Amino acid sequence: MKTCLIFGNGYICKSFIEQYEKNINFIIVSHELYDVNNPDYEYLESYISIYNIDYIIDSICPILPTSMHNQTNINLLKNTIKHINYINTLVVKLHIKNVIYLSSAGIIYDKTNYCESLQYNHIDTLYGLLKIQSECTYKYFSDINKDINYKILRISNVYGNIKYHKSNENGIINILLKHYIENKQTNITLINSVKNYIYIKDLCYIIYKLLDYKFNNTFEIINIGSIYNYSIQDIITIIQSKYKLDINYNDDIIYNDNQYYIDINKIKNIFTNIKFTPLEDIIKYIDINNI
């Protein structure tokens with residue numbers, strides 16, 4: 001059984017571990033073990049040095065996508081570079097050959113379908129800047145460590161496995177489902193833009209398959225999304241087909257007509273038989289407590 005060292009233990013990683021814990025030996029570097037802003041490298045290495053590690057998955061981002069940019073957070077940019085520098089120290093020291101970084105499709109969302117390259121949309125959030133900086137820093141180290149495989153996964157909007165979804169600020173599908181279970185009202189401003197969504201189990205399957213997938217290049221960017229795109233009104237309509245939601249609509253309606261698609265041709269070419277799960281099927285066929 002191969003061993004995967006995971007930095008971060010948030011929503012996606014918890015779901016991934018749960019889905020593949022019988023296939024992979026996971027070492028979880030959570031915030032209690034490693035604080036990206038005040039790391040204890042010696043303690044961490046004493047903890048992981050006994051393992052023969054095959055993969056590193058880096059999901060560290062010290063803020064949420066909805067966090068606002070302010071001067072007190074500027075040090076996070078510097079600390080994130082130090083964190084990635086340390087990971088690359090580890091891969092050389094421990095002879096680890098595979099690094100996966102969980103990035104965000106939000107940094108390339110635009111009316112244009114961006115392909116997988118170091119190309120970005122206009123970013124005005126610290127979260128987006130952290131993701132861009134991390135991608136570029138990993139590219140820098142890939143040019144130095146030419147025998148190590150680096151994969152950058154730009155992930156679109158994920159939903160499902162709501163027991164691990166802690167945020168009440170982002171992830172509209174999970175928030176609506178959680179509020180239904182908790183008998184809470186959801187305040188919503190209708191935005192007529194369309195975004196790409198992927199079911200968490202589909203995402204975890206793709207990550208699992210990409211662990212050992214060999215590209216021609218040692219540095220590869222892969223957009224991870226599905227073939228399904230929804231507006232907020234689409235999502236509400238689909239969920240309300242089975243569950244009565246308590247929604248308070250704000251008076252303002254934001255019209256921007258943006259359709260935030262991403263190019264997932266690389267994934268579809270790699271996994272020619274992949275079947276993405278539509279939200280309609282999740283709502284129709286799965287018990288809400290098991291979504």
Side-chain angles (χ1 to χ4, degrees), residues 4-8 10 12-13 27 29 34-42 44-45 48 53-63 65 67 69 71 73-110 114-156 206-207 210-224 262-263 266-267 270:
C4 180
L5 175 66
I6 293 187
F7 280 84
I12 292 176
C13 287
I27 308 167
V29 182
Y34 174 87
D35 179 358
V36 68
N37 297 312
N38 188 28
D40 186 338
Y41 299 132
E42 185 176 346
L44 176 62
E45 287 191 41
I48 66 175
I53 299 168
D54 300 286
Y55 321 99
I56 286 182
I57 295 179
D58 179 16
S59 70
I60 293 284
C61 190
I63 59 175
S67 300
H69 178 107
Q71 290 298 320
N73 289 329
I74 290 299
N75 278 338
L76 296 178
L77 294 166
K78 178 175 66 177
N79 294 344
T80 303
I81 289 179
K82 289 172 61 179
H83 160 69
I84 295 174
N85 179 63
Y86 177 63
I87 284 184
N88 284 277
T89 301
L90 278 182
V91 298
V92 173
K93 194 174 193 178
L94 302 179
H95 308 290
I96 302 167
K97 295 301 182 183
N98 298 282
V99 178
I100 288 181
Y101 174 64
L102 303 188
S103 188
S104 169
I107 61 178
I108 55 167
Y109 272 154
D110 203 349
Y114 278 125
C115 61
E116 287 93 339
S117 65
L118 288 172
Q119 183 178 14
Y120 306 103
N121 185 21
H122 171 70
I123 298 297
D124 57 4
T125 66
L126 183 61
Y127 176 83
L129 291 174
L130 285 164
K131 291 297 185 181
I132 291 172
Q133 175 187 252
S134 297
E135 286 192 11
C136 293
T137 308
Y138 273 117
K139 178 64 173 70
Y140 167 79
F141 280 109
S142 74
D143 291 335
I144 298 172
N145 304 323
K146 295 184 180 299
D147 61 338
I148 297 168
N149 296 302
Y150 294 85
K151 298 183 181 79
I152 306 298
L153 310 188
R154 289 175 175 165
I155 300 170
S156 71
I206 291 171
I207 295 174
L210 284 174
L211 288 175
D212 288 314
Y213 188 86
K214 301 299 182 185
F215 290 93
N216 292 328
N217 305 308
T218 56
F219 179 84
E220 200 76 29
I221 298 172
I222 309 104
N223 293 340
I224 310 292
I262 60 172
D263 184 344
K266 188 178 288 186
I267 282 296
I270 293 170

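Please read all numbers here as calculations on a predicted model, not as lab measurements.
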Trainee: For L102, does its backbone N or O pair with a side-chain atom of K131 as donor and acceptor, under 3.5 Å?
Mentor: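 Checked: pair present.
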Trainee: Just how far is it from atom OG of S142 to atom NZ of K151, taken to the nearest 0.5 Å?
Mentor: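 If we round to the nearest 0.5 Å, S142:OG and K151:NZ are 12.5 Å apart.
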Trainee: Assert yes or no for the condition that the ring centre distance of Y213 to F215 is strictly below 6.0 Å.
Mentor: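 Judged by ring-centre distance (under 6.0 Å), Y213 and F215 do meet the cut-off.
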Trainee: Between G8 and S59, what is the shortest heavy-atom contact and its length?
Mentor: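 Scanning both residues completely, I find the closest heavy atoms to be CA-OG, 3.5 Å.
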Trainee: Taking all non-hydrogen atoms of both residues, which atom of V29 and which atom of L5 are closest, and how far apart?
Mentor: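 Closest approach of V29 to L5, heavy atoms only: CG2-CD1, 3.3 Å.
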Trainee: Describe, in one word, how the ring planes of F7 and Y34 are oriented to each other, choosing from parallel (under 30°), tilted (30 to 60°) and perpendicular (over 60°).
Mentor: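 Plane angle over 60°, so perpendicular.
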Trainee: State which residue, out of D58, N88, T137, fulfils the side-chain hydrogen bond (donor to acceptor under 3.5 Å, both in side chains) condition with H83.
Mentor: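 Going through the options one by one, the only one that passes is D58.
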Trainee: Strictly below 4.0 Å, N to O, side chains only: are D147 and K97 in salt-bridge contact?
Mentor: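 Answer for the salt bridge query: yes.
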Trainee: Nearest 0.5 angstrom please: I224 CD1 to L210 CG, how far?
Mentor: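 The CG atom of L210 is 5.5 Å from CD1 of I224, to the nearest 0.5 Å.
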Trainee: Nearest 0.5 Å, please: how far is CD1 in I207 from SG in C4?
Mentor: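 The distance works out to 9.5 Å.
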Trainee: Are Y138 and F219, when compared by the centres of their aromatic rings, separated by less than 6.0 Å?
Mentor: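 No: the rings miss the under 6.0 Å criterion.
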Trainee: Mind listing the closest non-hydrogen atom pair of V91 and I56 along with its distance?
Mentor: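 Looks like CG1-CD1, 3.8 Å.
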Trainee: Roughly how far apart are E135 CD and S104 OG, rounded to 0.5 Å?
Mentor: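 Reported value, rounded in 0.5 Å steps: 9.0 Å.
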Trainee: Once you round to the nearest 0.5 Å, how far does CD1 of I53 lie from CD1 of I6?
Mentor: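 Separation between the atoms: 11.5 Å.
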Trainee: Donor-acceptor pair, distance only, cut-off 3.5 Å: does the side chain of K266 make one with the backbone of I221?
Mentor: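 Yes; at least one donor-acceptor contact below 3.5 Å.
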Trainee: Quick check: closest heavy atoms across I27 and I48, and the distance to 0.1 Å?
Mentor: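 What the structure gives for the nearest pair is CG2-CG2, 4.2 Å.
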Trainee: Sort out for me which residue in N98, D143, N145, N217 forms a side-chain hydrogen bond (donor to acceptor under 3.5 Å, both in side chains) with Y150.
Mentor: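 So, applying the side-chain hydrogen bond (donor to acceptor under 3.5 Å, both in side chains) to Y150 and each of N98, D143, N145, N217, only N145 qualifies.
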Trainee: How about N37 and N79: does a side-chain donor come under 3.5 Å of a side-chain acceptor?
Mentor: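 N79 and N37 do have a side-chain donor-acceptor pair below 3.5 Å.
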Trainee: Distance check, rounded to the nearest 0.5 Å: N85 atom CG versus F141 atom CZ?
Mentor: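 If we round to the nearest 0.5 Å, N85:CG and F141:CZ are 4.0 Å apart.
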Trainee: Check the surroundings of atom NZ in K214: do more than 12 heavy atoms from other residues, nucleotides or ligands lie under 6.0 Å from it?
Mentor: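 Count over threshold, so yes.
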Trainee: When you compare the side chain of T80 with that of I60, does any pair of heavy atoms fall below 4.5 Å?
Mentor: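 Heavy-atom side-chain distance check fails, nothing below 4.5 Å.
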